[in-house]
Amino acid sequence: MPDLVPTSTPQFITITGASENNLKDVTLRIPKGRLTVFTGVSGSGKSSVVFDTIAVESQRQLNETFTWFVRNRLPKYERPHAEALEDLSPAIVVDQRPIGGHSRSTVGTMTDIYSVLRVLFSRHGTPSAGPATAYSFNDPSGMCPECDGLGRAIRPDYDRILDPDRSLADGAVRFPPFAAGTWQGQAYTNTDELDPHKTVAEFTAAELEFLMRGRPGSKVTVNGTGGTWTTDYEGLATRFERLYLKRDLSAMSQKTRDLVSEFLVEGTCPACAGARLNAAALATRVNGLTIADCTHMQVTDLITALQDIADPVAGPISGAAVTALERIDAIGLGYLSLDRETSTLSGGEGQRLKTVRHLGSSLTGMTYIFDEPSVGLHPRDVGRLGDLLLRLRDKGNTVLVVEHDPDVIALADHVVDMGPRAGAGGGRVVFEGTPGELAGADTVTGRCLGRRTAIKAGVRTASGGLWVKGADRHNLRDVTVEFPSGVLTVVTGVAGSGKSTLVREFTAAHADAVVVDQSSIGISARSTPATYLGIMDTVRKIFARGTGAEPGLFSFNSSGACGTCEGRGIIYTDLAFMDPVTTTCHNCEGRRFKDEVLRLTVDGNSIADVLEMTADQALQSFQDAGVRRRLRALRDVGLTYLTLGQPLSTLSGGERQRIKLATRLHRTGAVYVLDEPTTGLHMSDVEGLLGLLDRLVDAGNTVVVVEHNLDVVAHADWIIDLGPDGGRDGGKVIFEGTPRRLLETRASFTAEHLRSATA
């Protein structure tokens, strides 16, 4: 056998002349087989380098290796704006997009571990219910027939739907879509079987049964816009159940869900006791456990239970499940259960679960790209995250991480710091080197790494108290706690300790609270800061008054739009099998409006000039009180560099979080609840956030923040710490008091890390 001739392997990913979004002709050499962390203030260009340039080009070129038939069914990526990208490897992206899902999506189904359990029970369980599908709550052969595999019995509250003291003609049916006078409501007032002027309380049992369930062959005549016709009579209860109970409410509009939920009573399905499965599936046992028992266990307990299976047939199957479960435990999610619905997971939990599927892969030479993987992690859990990133690197992969957390930055082999500022002031590489070198560099990130967390010198005195009493949802254990009013309260604790659940109970008890959660904002190429903040209507009216034209003429989504690009400012060309091409509209030169609209000015500015203004510039130009108030809110969250017409789709995660916060500001005497507001924020941006929170409190508001960031914890007036751990080992309030008193506490992971940060 001839000697193998060694070949040189490229050691770097090379980017030349990248100009995507705000990047300024960026040229980089990123070491392969290393952990590289990209840092910089929010909006500095980190995501533009990692996601919009490296990830997109890697996925685009990978797709080119497939046949035209396959490529036509894959996502299409436009070539990034860069002179050259060389020596890329296939990229796997783990982003911050929420998992979402519906009531049929669980931790078990998402990770495919539930599929392994179904095989285990079908092969080894006794008495067997049949093949693996017989244990699926999403398959008719396995689902509970009463709740259709949802585990919840949702029944109409007919005491609320029907007012027995009124007649049908006088509004006895309270459910608006079926009320008297509506198309559907005519079925009950027009039928010859019932007296519409007799109160429901006076109906005989037979009449009430007919009202609710009807009778085969019964007809009724109704009137509509298209005329009069005769149709089958459908009972009130039968119709309600068909339209609203036998469908997944999560698939309906929010308005419909909110309306229907007022007339429903929800509880555990009595037939399956919430297990989702039919009797045959629940009768099968493995080592004395049903499959529902397994999915209801905490992951750490399920590992122990499955490890006891030594059968030669079932052993390899249970071993595969154990291996996958151990990966979940290894990334700090051992407190979860497989029956936990994915829609209830936090952003950090969802992102880590997406990572689990890559841990068992034997692929090497890949590029793994993570978008702020420390989101939602307590400082105690960041170490576990670091172990995960290093394991992926040590298997021969390149790991690229966009991150703000100092503990993650410290793990890097190489750091790229973007800046120096955000938006148009960023887009440049201001530092490359090791974490130690960055700590001594004269950049915003370097200066932040060199400082210590400081405990707040003086705390505010509460003006009263807002209570949560006897909270026992999820893992909370009869928690009663007072949230002081008129101060800044931080709710903290390790992941799974019950923080978010407690705060949800708080907001349920205080329905007037202004809640800013982690849900993503609606974004598109046509949504801008101006439209999201709600100032465009006023701006259009100002231009209409100043020019005598119609307000709609000053909208790029209406009559004023450029006819060539339809108000987009760009021309998107779909080349079928080939990569799409986006070019600036040659007619309006990217300004979105018709020429005749651009000629109309107020104070020397066209509507396009206004949309090209930064929020700071617009504050100096507009005198309207409403517009100025909303622009000041944008300034308060540190986004004055954004232009009013910048598409929201180009904003970073941190910028989107802050622009959402800007829309909720400037209410006096309100209760604000913020769920991890530091998500996506650079260390320097956290300083601005703390200033904003102080201003909210000083204006007479009560502010409650769910947060892990130690700078925020140290700045609180009052802390509520949950734990001591996650899952069944959490759910207790282990500390209430000031940050300085927290330092003296020994039974708290938060206290332990706060002491380290302030030492």
Side-chain angles (χ1 to χ4, degrees), residues 7-23 25-40 45-68 70-97 351 354-355 357-359 361-373 388-389 391-403 412-416 418 427 429 432 574-575 577-582 649-650 652-653:
T7 58
S8 59
T9 302
Q11 300 299 308
F12 296 91
I13 295 173
T14 304
I15 304 173
T16 305
S19 57
E20 193 71 24
N21 297 328
N22 69 332
L23 297 183
D25 194 29
V26 169
T27 295
L28 267 175
R29 295 175 76 225
I30 302 169
K32 283 190 168 186
R34 296 290 183 267
L35 169 58
T36 299
V37 174
F38 287 76
T39 65
K46 305 181 298 297
S47 296
S48 295
V49 172
V50 178
F51 294 96
D52 299 334
T53 303
I54 297 175
V56 165
E57 182 63 5
S58 172
Q59 292 170 331
R60 189 188 71 81
Q61 291 192 24
L62 182 63
N63 287 356
E64 285 184 342
T65 65
F66 297 108
T67 65
W68 289 114
V70 173
R71 288 175 64 182
N72 198 39
R73 286 156 177 77
L74 293 173
K76 291 183 173 62
Y77 300 99
E78 187 174 352
R79 185 187 298 272
H81 294 94
E83 293 178 18
L85 285 102
E86 301 172 277
D87 301 322
L88 296 172
S89 53
I92 295 174
V93 177
V94 183
D95 56 27
Q96 285 190 54
R97 283 182 293 185
Q351 189 179 36
K354 285 189 281 187
T355 307
R357 68 189 62 181
H358 305 304
L359 293 181
S361 173
S362 58
L363 294 173
T364 62
M366 308 292 287
T367 297
Y368 285 90
I369 298 177
F370 292 87
D371 187 8
E372 295 186 47
L388 159 68
L389 299 176
R391 283 170 56 192
L392 288 173
R393 178 203 65 184
D394 293 344
K395 289 174 62 176
N397 299 299
T398 301
V399 181
L400 308 181
V401 181
V402 173
E403 187 56 82
D413 301 306
H414 187 71
V415 179
V416 177
M418 301 296 296
V429 176
E432 281 189 86
D574 187 348
L575 299 177
F577 299 113
M578 300 179 67
D579 298 322
V581 175
T582 300
S649 56
T650 65
S652 69

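What's counted below: heavy atoms across the whole structure, side chains too, no hydrogens, waters or symmetry copies.
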Asks: Tell me, do Asp25 and Glu83 make a side-chain contact under 4.5 Å, heavy atoms counted?
Replies: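 Answer yes - side chains close enough.
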Asks: Applying side chain to side chain contact (heavy atoms under 4.5 Å, CB included) between Val416 and each of Val50, Val26, Val429, Leu400, report the one that passes.
Replies: Val429
Asks: Listed by chain and number, what are the side chain to side chain contact (heavy atoms under 4.5 Å, CB included) partners of Val93, not counting sequence neighbours?
Replies: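 Val93 satisfies side chain to side chain contact (heavy atoms under 4.5 Å, CB included) with Phe51, Ala55, Gln59, Asp95, Ile369 once adjacent residues are dropped.
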Asks: With distance as the sole test, does Asn63 use its side chain to make a donor-acceptor pair with the main-chain N or O of Pro75 at under 3.5 Å?
Replies: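 Yes, because the side chain of Asn63 sits within donor-acceptor range (under 3.5 Å) of the backbone of Pro75.
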Asks: If you take all heavy atoms of Met366 and Asn397, which pair is closest and at what distance?
Replies: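 Of all heavy-atom pairs spanning Met366 and Asn397, the closest is N-OD1, 2.9 Å.
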Asks: Is there a side-chain contact between Pro31 and Thr36 (heavy atoms, below 4.5 Å)?
Replies: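 They are in side-chain contact.
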Asks: If we only count heavy atoms from C-beta on, is the Thr367 to Leu88 side-chain gap below 4.5 Å?
Replies: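 No, too far: nothing below the 4.5 Å cut-off.
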Asks: For the residue pair Ile15 and Leu85, establish whether any side-chain heavy-atom pair is separated by less than 4.5 Å.
Replies: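 In short, these two side chains touch, coming nearer than 4.5 Å.
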Asks: Would a distance-only check, ignoring hydrogens and angles, find a side-chain to backbone donor-acceptor pair under 3.5 Å from Glu20 to His81?
Replies: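 Checking the backbone N and O of His81 against the side chain of Glu20, a donor-acceptor pair under 3.5 Å is found.
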Asks: Nearest 0.5 Å, please: how far is OG1 in Thr53 from CD1 in Ile13?
Replies: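 So the CD1 of Ile13 and the OG1 of Thr53 are separated by 12.0 Å.
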Asks: Using the test ring-ring contact (aromatic ring centres under 6.0 Å, His included), find all partners of Tyr368 that sit at least two apart in sequence or belong to another chain.
Replies: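 Checked Tyr368 against ring-ring contact (aromatic ring centres under 6.0 Å, His included); matches are His358.
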Asks: How many angstroms lie between CZ in Arg73 and CH2 in Trp68, if you round to the nearest 0.5 Å?
Replies: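 If I round to the nearest 0.5 Å, the distance is 14.0 Å.
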Asks: CD/Glu403 to OG1/Thr39 distance, rounded to the nearest 0.5 angstrom?
Replies: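 Answer for the CD-OG1 pair, Glu403 versus Thr39, is 10.0 Å.
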Asks: Can you tell me how far apart OG1 (Thr16) and CZ (Arg29) are? Round to the nearest 0.5 Å.
Replies: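 That separation rounds to 10.0 Å.
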Asks: Partners of Asp394 by salt bridge (charged side-chain N to carboxylate O under 4.0 Å, His left out), sequence neighbours excluded?
Replies: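 Counting only residues at least two positions away or on another chain, Asp394 forms no salt bridge (charged side-chain N to carboxylate O under 4.0 Å, His left out).
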Asks: Within this structure, what is the CE-OG distance for the pair Met418 and Ser47, rounded to the nearest 0.5 Å?
Replies: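 Spacing of CE (Met418) from OG (Ser47) equals 10.0 Å.
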Asks: Ser58 side chain to Ala91 main-chain N or O, any donor-acceptor pair under 3.5 Å?
Replies: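 Yes, the answer is positive, given that a donor and an acceptor are paired below the 3.5 Å cut-off.
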Asks: If you measure from OG1 on Thr398 to CG on Asp413, what distance do you get to the nearest 0.5 Å?
Replies: 10.5 Å
Asks: Heavy-atom distance under 4.5 Å between the side chains of Phe12 and Asp87, does that happen here?
Replies: no
Asks: Just wondering, are more than 12 heavy atoms of other shown residues or ligands nearer than 6.0 Å to CZ in Arg34?
Replies: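 No, not enclosed.
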Asks: Specify the closest pair of heavy atoms between Gly365 and Pro90, including all atoms of both residues, with the distance to one decimal.
Replies: O-CD, 4.4 Å
Asks: With the side chain counted from C-beta on, respond yes when Pro373 and Val401 share a heavy-atom pair under 4.5 Å apart, and no when they do not.
Replies: yes
Asks: Looking only at heavy atoms, which two atoms of Ser48 and Asn21 are closest? And how far apart?
Replies: OG-ND2, 3.1 Å
Asks: Does any part of the side chain of Ile54, heavy atoms only, come nearer than 4.5 Å to the side chain of Ile30, both counted from C-beta?
Replies: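 Side chain of Ile30 against side chain of Ile54, heavy atoms only: contact under 4.5 Å found.
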Asks: Determine whether Lys32 and Gln11 make a side-chain contact, defined as any pair of heavy atoms from C-beta on separated by less than 4.5 Å.
Replies: no
Asks: Check whether Lys354 reaches the backbone of Val94 with its side chain - one donor and one acceptor, N or O, closer than 3.5 Å.
Replies: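 Not confirmed, Lys354 side chain does not pair with Val94 backbone.
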